[in-house]
Amino acid sequence: MRKMIFAAAMFAATMVGTSANAVPITWTLQGLTFDDGGTAYGSFVYDADTGKYTDVNITTTGKWAYTYTNVLGCDAFGFDANTGSNAEGNGFLEISTSLELTNAGGNIPFVGAANYETPYYANNEIGLSYRYIVAGAVVSPSSNSPVPEPWTLALVGAGLAGMAATRRRRKA
């Protein structure tokens, strides 16, 4: 009987994964500062498997104050965003990181002159006036800590209950 229970438990353990990594992950701006003293804060979600940015919500302060929610173009090193429109007076933000973003999380600094903010001008032109990002990073908790799946917890619980029942039988 014990061998049959052990075999069933081993079969269940191989059929059910032990953990899953949570992807996509949320990246948060940390210490983002512009050359004019302005700042930015907020977050976005990036999925390295699909290369897509979602849930962008970044707000800038200082010389210009915009909230960015719309991704225009992107790659694994960053994205371009606007405030939802290319109309005159709306903002344009370009963020580039020094390393590719992954689903593993981490702390990745911004890189050089590729990071800036500028407003749109007449005829959707950008670039008459810039402010550059001089400090900051994007951070996300490491996903190296696996998230237990419910079936794994149920299997462990069933194993403990079986061990307790076996112990009671031996004592009786």
Side-chain angles (χ1 to χ4, degrees), residues 16-154 156:
V16 177
T18 57
S19 64
N21 287 330
V23 293
I25 60 174
T26 301
W27 292 87
T28 304
L29 302 182
Q30 184 178 58
L32 189 147
T33 306
F34 292 101
D35 58 3
D36 66 353
T39 63
Y41 59 91
S43 63
F44 57 88
V45 174
Y46 179 69
D47 185 347
D49 294 333
T50 63
K52 298 219 185 275
Y53 291 83
T54 57
D55 299 328
V56 174
N57 189 4
I58 297 173
T59 301
T60 60
T61 66
K63 180 178 182 178
W64 302 306
Y66 297 117
T67 298
Y68 296 94
T69 56
N70 186 42
V71 174
L72 300 173
C74 64
D75 62 23
F77 289 93
F79 61 89
D80 300 335
N82 72 8
T83 55
S85 168
N86 292 354
E88 186 170 352
N90 285 294
F92 178 86
L93 178 68
E94 183 164 319
I95 290 181
S96 297
T97 56
S98 60
L99 300 170
E100 283 188 50
L101 298 177
T102 68
N103 289 338
N107 184 327
I108 303 176
F110 295 113
V111 62
N115 294 289
Y116 63 86
E117 180 181 44
T118 185
Y120 284 100
Y121 293 93
N123 301 318
N124 298 332
E125 295 293 323
I126 61 172
L128 296 177
S129 180
Y130 291 94
R131 65 178 182 167
Y132 295 94
I133 297 172
V134 295
V138 290
V139 298
S140 183
S142 174
S143 64
N144 293 336
S145 308
V147 178
E149 293 180 0
W151 284 107
T152 302
L153 296 176
V156 169

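Residues: numbered from 1 along the sequence shown. Small disclaimer: the values here were computed from a predicted structure and weren't measured.
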Between the OG1 atom in T26 and the CG atom in D55, the distance rounded to the nearest 0.5 Å is 7.0 Å

**Message:** Can you see whether N86 engages Y120 through a side-chain donor-acceptor pair at a distance of less than 3.5 angstrom?
**Reply:** yes

Rounded to the nearest 0.5 angstrom, the NZ-CG distance for K63 and D36 is 6.0 Å

From the list Y68, W64, Y130, side chain to side chain donor-acceptor pair (under 3.5 Å) with E117 holds only for Y68

* Asked: Considering only heavy atoms from C-beta outward, does the side chain of N103 approach that of D47 to under 4.5 Å?
  -> yes

I108 and E100 have their tightest heavy-atom pair at CD1-O, 3.6 Å

OH of Y66 to CG of L93, rounded to nearest 0.5 Å, is 11.0 Å

### Query
Centroid-to-centroid, F79 to Y46, below 6.0 Å?
no

So CG of L101 and CD1 of I25: to nearest 0.5 Å the spacing works out to 8.0 Å

In short, I58 meets A40 closest at the heavy-atom pair CG2-CB, 4.3 Å

In short, T39 meets F34 closest at the heavy-atom pair O-CE1, 3.7 Å

Shortest non-hydrogen pair, C74 vs G51, comes out as SG-O, 3.7 Å

Value for CG (N90) from CG (N70), rounded to nearest 0.5 Å, stands at 10.5 Å

inquiry  = Please verify the inter-ring angle class for Y53 with F44; under 30° counts as parallel, over 60° as perpendicular, anything in between as tilted.
reply    = tilted

Here the gap from F77 atom CZ to S96 atom OG, rounded to the nearest 0.5 Å, amounts to 9.5 Å

Here the pair of heavy atoms bringing P109 nearest to A137 is CA-CB, 3.7 Å

(request) For T33 and G31, indicate whether the former's side chain and the latter's backbone hold a donor-acceptor pair under 3.5 Å. (result) yes

Heavy atoms of I133 and E94 approach each other most closely as CD1-O, 4.3 Å

Inset, instruction - Evaluate side chain to side chain contact (heavy atoms under 4.5 Å, CB included) for L29 paired with Y41, printing each intermediate quantity in order. - result: CA-CA 6 Å; L29 302 182; Y41 59 91; 5.5 Å; no

